[in-house]
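The structure appears right after this line, and notes come after that.
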Number of protein chains: 2
Amino acid sequence: MLNFSTSEENYIKAIFHLQQDVGPVTTNEVAHELKTRPASVTDMMKKLKIKKLLHYQPYQGFRLSSEGTKVALGIIRRHRLWEFFLAEKLKFTWDEVHEVAEDLEHVSNKKLIDKLDEFLGFPRVDPHGDPIPDMHGKIEISNKICLSKLPNHTPALVSSVSDHSSEILELLEHKKISLGSKLEIKRRFEFDNSLEIRMGRQPAFTISQQLAETIFVTSLLPLIQISEGKRNK
Amino acid sequence: MLNFSTSEENYIKAIFHLQQDVGPVTTNEVAHELKTRPASVTDMMKKLKIKKLLHYQPYQGFRLSSEGTKVALGIIRRHRLWEFFLAEKLKFTWDEVHEVAEDLEHVSNKKLIDKLDEFLGFPRVDPHGDPIPDMHGKIEISNKICLSKLPNHTPALVSSVSDHSSEILELLEHKKISLGSKLEIKRRFEFDNSLEIRMGRQPAFTISQQLAETIFVTSLLPLIQISEGKRNK
DNA sequence: AAATAAATTTAGACAAATCTAAAATATTCC
DNA sequence: GGAATATTTTAGATTTGTCTAAATTTATTT
């Protein structure tokens, strides 16, 4: 595996993350994500295309190639292992780890990362609950669903949180929700889409729509797959 | 404290190390140390002079300013803490740590480094026996002397080794010499400047001039200061 | 299906860090 | 002390990654 510049790595990572949600990634999306200009994105896309890391036709958006995906998973592995290290060993709080890991992830010494992985006990998820790719680039795909889509009266475990800010951390700590918490929805309020939640034997409490949309859970019961109509055409 | 580019940091660090030995540092010395061209060094020196990190007059060589020294000590602190981490926690061997630390040292998040320091138990020296500056930039100055200058029959502790290669590691392991080993010189041979060494109750053995010159020791007895004539004029 | 708006790309410029080749300065040696 | 040599600096080019402004392509509206 070749080496890439910090800048190239940031583009690859951004595209990987943007790809998760939708189909092909657009110039503007990447520019917004990386706080750079669309023209700079175009320049870099040409470079990454030449290096065969992505598929790209002018004006058509881009998709990582399989090689590009491998590279992205390597970067994400490094990022998440460092996040785990920072939280677990150095006692950083949840909201602080991301920024530091942004720098550490670009140190791309394979032996370093594999030994770090071993030192940490081969953790499966980072402090936000996101899965850590293994040394071969394999990543766990879990059955996470957004809490706002969990059916009522269905016990589930909190498995990740998609916002990493100190503000959400403050709220989650106040409500004593953390990764692994078991909860279920008792009731949904139509007015503001807030949810009444039950955790263990504690009294029920409500959480806002915004919060419910950032929490992801794994159901403890098999869920009936709700069809979302046609998949991507 | 401002931030500096990886390249600027490498120049600052090189000058700091080269300064240790002699007086002002020359363009060629830095170029050689950093495997770059003299013209590149001159360019960077102008930049660092403007940033007040060093004193420099064309053709006169350079010296770090007190600000530049502070920056250098920060880089060295990061480098040596990471080396300690790699050796102690990730079980890297002695000769492997330097290269990886060369990359990690440029991640300059103060909180990261101070928490790493704490996690490691505030180590005083890195795996080669070189002192680690503390969070205020204070560095221990020890009374190390080169083993080749230790008087005969004077017990001393091995306190650092100035070569970090796998070749010297192999030799030191074979002779069972490590940091903290107590030894004394029994006899010197004029022919090749080899030394007969005694470690504990083991049988004496000899070491070459080359090896003696890379090992530094702290005498367990106060040594008479040998005058070296005039200091720097 | 034009006209307008939005997104994307191109063209050209710039800063950082490097290089080569030539010029300037210091040093060494007879 | 002056010629030869070594060192250092300058001048100008190159690469990477960025930018602005203008041109091009695609999408949206009426």
Side-chain angles (χ1 to χ4, degrees), chain A residues 2-15 18-19 21-64 68 71 75 102-103 105-106 108 232-233, chain B residues 2-15 18-19 21-64 68 71 75 102-103 105-106 108 232-233:
Chain A
L2 294 166
N3 267 333
F4 302 98
S5 71
T6 295
S7 195
E8 289 171 328
E9 289 190 344
N10 284 335
Y11 278 96
I12 293 165
K13 190 169 52 126
I15 294 166
L18 292 169
Q19 265 185 177
D21 315 323
V22 289
V25 177
T26 70
T27 305
N28 267 358
E29 282 167 354
V30 176
H32 180 258
E33 175 88 3
L34 295 179
K35 299 192 201 338
T36 184
R37 297 293 175 173
S40 309
V41 176
T42 302
D43 288 345
M44 184 58 89
M45 292 309 103
K46 289 187 198 158
K47 226 175 110 181
L48 296 180
K49 181 183 178 166
I50 289 167
K51 296 193 178 187
K52 296 188 185 301
L53 295 174
L54 49 76
H55 303 291
Y56 163 55
Q57 295 295 55
Y59 297 99
Q60 304 297 140
F62 5 88
R63 277 183 11 256
L64 290 182
V71 174
I75 301 164
E102 284 291 289
D103 288 335
E105 73 186 8
H106 300 296
S108 63
N232 42 7
K233 74 127 190 241
Chain B
L2 294 166
N3 268 332
F4 302 97
S5 71
T6 295
S7 193
E8 289 171 327
E9 289 189 346
N10 284 335
Y11 279 95
I12 293 165
K13 190 168 52 125
I15 294 167
L18 291 168
Q19 266 185 178
D21 315 324
V22 289
V25 177
T26 70
T27 305
N28 266 358
E29 282 167 354
V30 176
H32 180 257
E33 175 86 3
L34 295 179
K35 299 189 199 346
T36 183
R37 297 294 176 170
S40 310
V41 176
T42 301
D43 288 346
M44 184 58 88
M45 293 306 105
K46 288 188 199 159
K47 228 176 108 180
L48 296 181
K49 181 184 179 167
I50 289 167
K51 296 194 178 188
K52 296 188 184 299
L53 295 173
L54 50 75
H55 302 292
Y56 163 55
Q57 297 298 40
Y59 297 99
Q60 304 298 141
F62 7 87
R63 276 183 12 254
L64 290 182
V71 174
I75 302 163
E102 284 291 290
D103 288 334
E105 73 185 9
H106 299 296
S108 64
N232 42 8
K233 76 127 184 247

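Note on naming: letters A, B, ... go to the chains in the order of the sequence lines (proteins, then strands), and numbering restarts at 1 for each one. Everything quoted here is computed from the prediction, not taken from an experiment.
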> Can a donor-acceptor pair be found between the side chains of A:Asp103 and B:His106 at a distance below 3.5 Å?
Replying inline: no
> Where the side chain of B:Asp43 is defined as all heavy atoms beyond and including C-beta, which of C:dT8, C:dC19, D:dT8 is the nearest nucleotide?
Replying inline: C:dC19
>> With a 4.0 Å limit, can you tell me whether B:Lys46 has a side-chain N or O closer than that to the phosphate oxygens OP1/OP2 of D:dT9?
In response: no
> Looking at the side chain of B:Tyr56, which of D:dT9, C:dT10, C:dA7 is the nearest nucleotide?
Replying inline: D:dT9
> Between B:Met45 (CE) and D:dT9 (P), how many Å, whole number?
Replying inline: 10 Å
> Is there a side-chain polar atom (N or O) of A:Arg37 under 4.0 Å from OP1 or OP2 of D:dT20?
Replying inline: yes
> Sub-3.5 Å donor-acceptor pair from the side chain of A:Glu9 to the main-chain atoms of A:Ile75, do we have one?
Replying inline: no
>> I want to verify a distance call: between C:dT18, C:dT9, C:dC19, whose nearest atom is closest to the B:Met44 side chain?
In response: C:dT18
> Across the strands shown, which category fits A:Pro58 at heavy-atom distances under 4.0 angstrom: base, sugar-phosphate, nothing?
Replying inline: sugar-phosphate
> Which nucleotide in the set D:dC19, C:dT8, D:dT26 lies at the smallest distance from any side-chain heavy atom of A:Ala39?
Replying inline: D:dC19
> Which heavy atom of A:Gln19 sits nearest a heavy atom of A:Phe62, and at what distance?
Replying inline: OE1-O, 4.4 Å
> Is any side-chain N or O of A:Ser40 closer than 4.0 Å to OP1 or OP2 of D:dC19?
Replying inline: yes
> Which nucleotide in the set D:dT9, D:dT18, C:dT9 lies at the smallest distance from any side-chain heavy atom of B:Tyr59?
Replying inline: D:dT9
> Can you check whether A:Asn28 reaches A:His32 side chain to side chain, under 4.5 Å on heavy atoms?
Replying inline: no
>> With a cut-off of less than 4.0 Å, is there a side-chain N or O of A:Thr26 near OP1 or OP2 of C:dA7?
In response: no
>> Just N and O in the side chain of B:Tyr11: are any of them under 4.0 Å from OP1 or OP2 of C:dT18?
In response: yes
> For B:Phe62 and D:dT9, what is the distance between atoms CZ and P respectively, to the nearest whole Å?
Replying inline: 6 Å
> Is A:Asn28 near enough to C:dT8 that one of its side-chain N or O atoms lies under 4.0 angstrom from OP1 or OP2?
Replying inline: yes
>> What is the separation between atom CG on A:Leu48 and atom C1' on C:dT9, rounded to the nearest whole Å?
In response: 16 Å
>> Over all strands shown, is A:Thr42 touching base, sugar-phosphate only, or nothing at heavy-atom distances under 4.0 angstrom?
In response: base
> Rounding to a whole Å, what distance do you find between B:Phe4:CZ and C:dA16:C1'?
Replying inline: 15 Å
> Counting only side-chain N and O atoms of B:Ser5, is one of them less than 4.0 Å from OP1 or OP2 of C:dA16?
Replying inline: no
>> Of the options D:dT9, C:dT18, D:dT18, whose atoms approach the side-chain atoms of B:Ser7 most closely?
In response: C:dT18
> What integer distance in Å separates A:Lys49:NZ from C:dT9:P?
Replying inline: 11 Å
> Do B:Lys13 and B:Glu102 sit within salt-bridge range, that is, some charged N less than 4.0 Å from a carboxylate O?
Replying inline: yes
>> Can you tell me how far apart CG (B:Asn3) and CD (B:Glu8) are? Round to the nearest 0.5 Å.
In response: 10.0 Å
>> Rounding to an integer number of Å, can you tell me how far B:His32 NE2 sits from D:dT7 P?
In response: 12 Å
